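Below you'll find the structure, written out as structure tokens, and then a few comments.
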Amino acid sequence: MTILITGARGKVGQAIIKRLHTAGHSVRAASNNPAELTVPDGVEVAELGLSRPETFEAALRDVRQVFLYPEPSGIHDLIKAAEAAGVEHVVLLSSSSVLAPGAESDPLAGHSLQVERALAGSELTRTFLRPDAFASNALGWAYFIGQGMPIQLAYPDAHIAPIHTDDIADIAVEALTGDSLTGREITLTGARSLTFREQLVILSDVLGRDIPVEQITRTEAEQQMSQYMPAPMVGSLLDLWAAASAGPAVIADTTETLLGTPARDFEQWARENAAAFTQH
């Protein structure tokens with residue numbers, strides 16, 4: 001049985017590939033640009049472009065399990081090809097944002113929700129993994145911290161429960177190789193609710209230097225964020241953070257509840273990624 005990993009250039013995809021390969025599974029890493037993939041020796045590489053159905057057959061040959069990134073483009077054709085190829089189970093990296101009111105029209109949730117619905121209407125067995133905020137989102141502060149600049153936030157006291165990428169990978173591997181998570185829709189978080197301000201205190205302690213935090217207006221935040229993301233996404237994120245300022249984040253499933261292993265905390269993530277926050 002071969003396990004196909006889409007989005008194989010991403011951090012979650014890369015971590016899953018390494019775990020499966022180390023455990024002796026037959027793994028095929030798929031990408032729209034396979035020449036750009038870096039995978040362990042012995043891992044097969046395949047071209048898979050969701051806008052190019054002609055790539056589906058070879059990528060899916062002898063595959064029984066698929067780890068899927070949420071890209072709605074071409075999803076119905078991919079599902080048909082997967083059913084024809086004998087795929088038995090799809091593990092989708094979705095998002096907790098699909099559970100929010102108005103998810104259909106929300107730019108953060110829309111992609112994942114479309115793919116979830118397409119899979120739900122198929123003959124494939126599926127598992128939906130819905131992580132909340134990634135700990136690695138903190139890398140968005142790296143340049144400013146590295147330059148000794150203050151972190152400017154409209155909602156510094158917004159609460160999230162950041163999840164470590166490796167926790168997502170561990171849970172995905174269980175979903176792909178075991179049966180305890182098959183057919184489930186699982187919201188994933190870290191084990192602790194932290195405000196942005198508290199995350200920055202942890203980073204400050206790990207780095208051994210002060211990180212100033214400045215609260216700015218929503219309008220100022222919109223102007224800053226619109227320089228590198230579409231306006232609808234900016235509005236969606238700011239709405240999310242405004243609502244999250246009301247109190248602690250809800251803790252959902254973690255590696256502790258699903259696998260019986262302690263969840264990696266934000267401090268561990270910060271130690272592992274400290275070099276990203278230093279000036280080069």
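Every value quoted in this text rests on a predicted model; they were computed, and no experiment measured them. Positions are given from 1, in the same order as the sequence printed here.
Going from atom CZ of F56 over to atom CD of E47 covers 11.0 Å, rounded to the nearest 0.5 Å. Annotation: the span from I163 atom CD1 to N137 atom CG amounts to 11.5 Å, rounded to 0.5 Å. Taken to the nearest 0.5 Å, the CD atom of E222 stands 11.5 Å off from the CG atom of L237. The CG atom of L50 sits 6.0 Å away from atom OG of S73, with the distance rounded to the nearest 0.5 Å. If you take CD on Q14 and OG1 on T38, they are separated by 6.5 Å, rounding to the nearest 0.5 Å. Remark: L259 CG to T254 OG1 distance equals 8.5 Å, nearest 0.5 Å.
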>> side chain to side chain contact (heavy atoms under 4.5 Å, CB included) for T6 and L48? Distances and angles first, verdict last.
In response: CA-CA 8 Å; T6 73; L48 179 63; 3.7 Å; yes

> Can R130 and V98 be said to form a side chain to side chain contact (heavy atoms under 4.5 Å, CB included), step by step?
Replying inline: CA-CA 8 Å; R130 295 168 172 165; V98 302; 3.5 Å; yes

>> If you apply the rule side-chain hydrogen bond (donor to acceptor under 3.5 Å, both in side chains), what do you find for D106 with S236, and how did you get there?
In response: CA-CA 7 Å; D106 188 285; S236 181; 2.7 Å; yes

> When you look at E272 and Q268, which way does the side-chain hydrogen bond (donor to acceptor under 3.5 Å, both in side chains) test go after all the steps?
Replying inline: CA-CA 6 Å; E272 293 168 351; Q268 176 177 341; 2.9 Å; yes

> Between Q199 and F266, is a side chain to side chain contact (heavy atoms under 4.5 Å, CB included) present by the stated rule, with each step listed?
Replying inline: CA-CA 7 Å; Q199 289 181 61; F266 185 77; 3.3 Å; yes

> Step by step, would you call L153 with I151 a side chain to side chain contact (heavy atoms under 4.5 Å, CB included)?
Replying inline: CA-CA 6 Å; L153 299 168; I151 301 301; 3.8 Å; yes

>> Run R117 and E104 through salt bridge (charged side-chain N to carboxylate O under 4.0 Å, His left out) and show every step you take.
In response: CA-CA 11 Å; R117 288 178 173 174; E104 286 187 359; 2.8 Å; yes

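The backbone N or O of W269 lies less than 3.5 Å from a partner atom in the side chain of N273, making a donor-acceptor pair. Judged purely by atom type and a 3.5 angstrom limit, S226 has no side-chain atom pairing as donor or acceptor with the backbone of A231. Put simply, the side chain of Q215 gets close to the backbone of A154: a donor and an acceptor are under 3.5 Å apart. At least one donor-acceptor pair closer than 3.5 Å links the side chain of R28 to the backbone N or O of A59. In this structure a side-chain-to-backbone donor-acceptor pair under 3.5 Å is missing from D179 to T182. A side-chain donor-acceptor contact under 3.5 Å links H164 to the backbone of D166. With hydrogens and angles disregarded, a donor-acceptor distance shorter than 3.5 Å links the side chain of S122 to the backbone of L119. T278 places a side-chain N or O within donor-acceptor distance of the main-chain N or O of A275, the cut-off being under 3.5 Å. One N or O on the side chain of H21 and one on the backbone of D41 form a donor-acceptor pair closer than 3.5 Å. Using a distance-only test at 3.5 Å, with no hydrogens or angles considered, a donor-acceptor pair links the side chain of T55 to the main chain of G49.
Ring centroids of W141 and F144 are separated by 6.0 Å or more, keeping the two rings apart.
Heavy atoms of other residues, nucleotides or ligands lying less than 6.0 angstrom from CD of E57 number 12 at most. Atom CD of E123 is surrounded by 12 or fewer heavy atoms from other residues, nucleotides or ligands within 6.0 Å.
Among T125, I79, V63, the one residue that satisfies the side chain to side chain contact (heavy atoms under 4.5 Å, CB included) test with V87 is V63.
Ring geometry for Y69 versus F67: interplanar angle over 60°, hence perpendicular rather than tilted (30 to 60°).
Salt bridge absent: D77 and R52 never bring a charged side-chain N and a carboxylate O closer than 4.0 Å. Remark: D170 engages R264 in a salt bridge, criterion side-chain N to carboxylate O under 4.0 Å. In summary, E267 and R192 do not engage in a salt bridge, as defined by a charged side-chain N under 4.0 Å from a carboxylate O. No salt bridge links E185 with R126; every basic N to acidic carboxylate O contact stays at or beyond 4.0 Å.
I186 and L124 fall into different hydrophobic clusters, where Ile, Leu, Val, Met, Phe, Trp and Tyr are joined by side-chain heavy atoms under 4.5 Å apart, directly or via other members. By the rule that hydrophobic residues join a cluster once side-chain heavy atoms approach within less than 4.5 Å of another member, L240 and L99 end up as members of separate clusters. L200 and I160 fall within the same hydrophobic cluster, where Ile, Leu, Val, Met, Phe, Trp and Tyr residues are linked whenever their side-chain heavy atoms come under 4.5 Å apart, directly or through other members. The cluster map of Ile, Leu, Val, Met, Phe, Trp and Tyr, joined by side-chain heavy atoms under 4.5 Å apart, puts L181 and V91 in the same cluster. When the side chains of ILVMFWY residues are joined at heavy-atom separations under 4.5 Å, either directly or via intervening members, Y143 and L207 end up in a single hydrophobic cluster.
Closest approach of G190 to I251, counting heavy atoms only: O-CG2, 3.6 Å. Closest heavy-atom contact between A249 and A161: CB-N, 3.8 Å. Closest approach of S204 and R209 over heavy atoms only: OG-O, 2.6 Å. Taking all atoms of both residues into account, the shortest heavy-atom contact from A252 to T187 is CB-O, 3.4 Å. Here the closest non-hydrogen pair linking Q114 and P72 is OE1-CB, 3.5 Å. When all heavy atoms are compared, the tightest approach of L93 to P131 is CD1-CG, 3.8 Å.
Annotation: side chain of I5 is not in contact with side chain of V43 (no heavy-atom distance under 4.5 Å). Looking only at side-chain heavy atoms (C-beta outward), I17 and P40 come within less than 4.5 Å of each other. Residues V250 and H159 have side chains not in contact (no heavy-atom distance under 4.5 Å, counting atoms from C-beta outward). Looking at L129 and L92, their side chains never come closer than 4.5 Å, going by heavy atoms from C-beta outward. By the 4.5 Å heavy-atom criterion applied to side chains, I3 and S26 are not counted as neighbours. Counting heavy atoms from C-beta on, the side chains of L37 and R9 come closer than 4.5 Å. Side chains of L203 and I211 form a contact here, defined as non-hydrogen atoms less than 4.5 Å apart. Annotation: side chain of R64 is not in contact with side chain of H89 (no heavy-atom distance under 4.5 Å).
No side-chain donor-acceptor contact under 3.5 Å links E88 and Q65. In the model, E174 has a side-chain atom that pairs as donor or acceptor with a side-chain atom of S180 under 3.5 Å.
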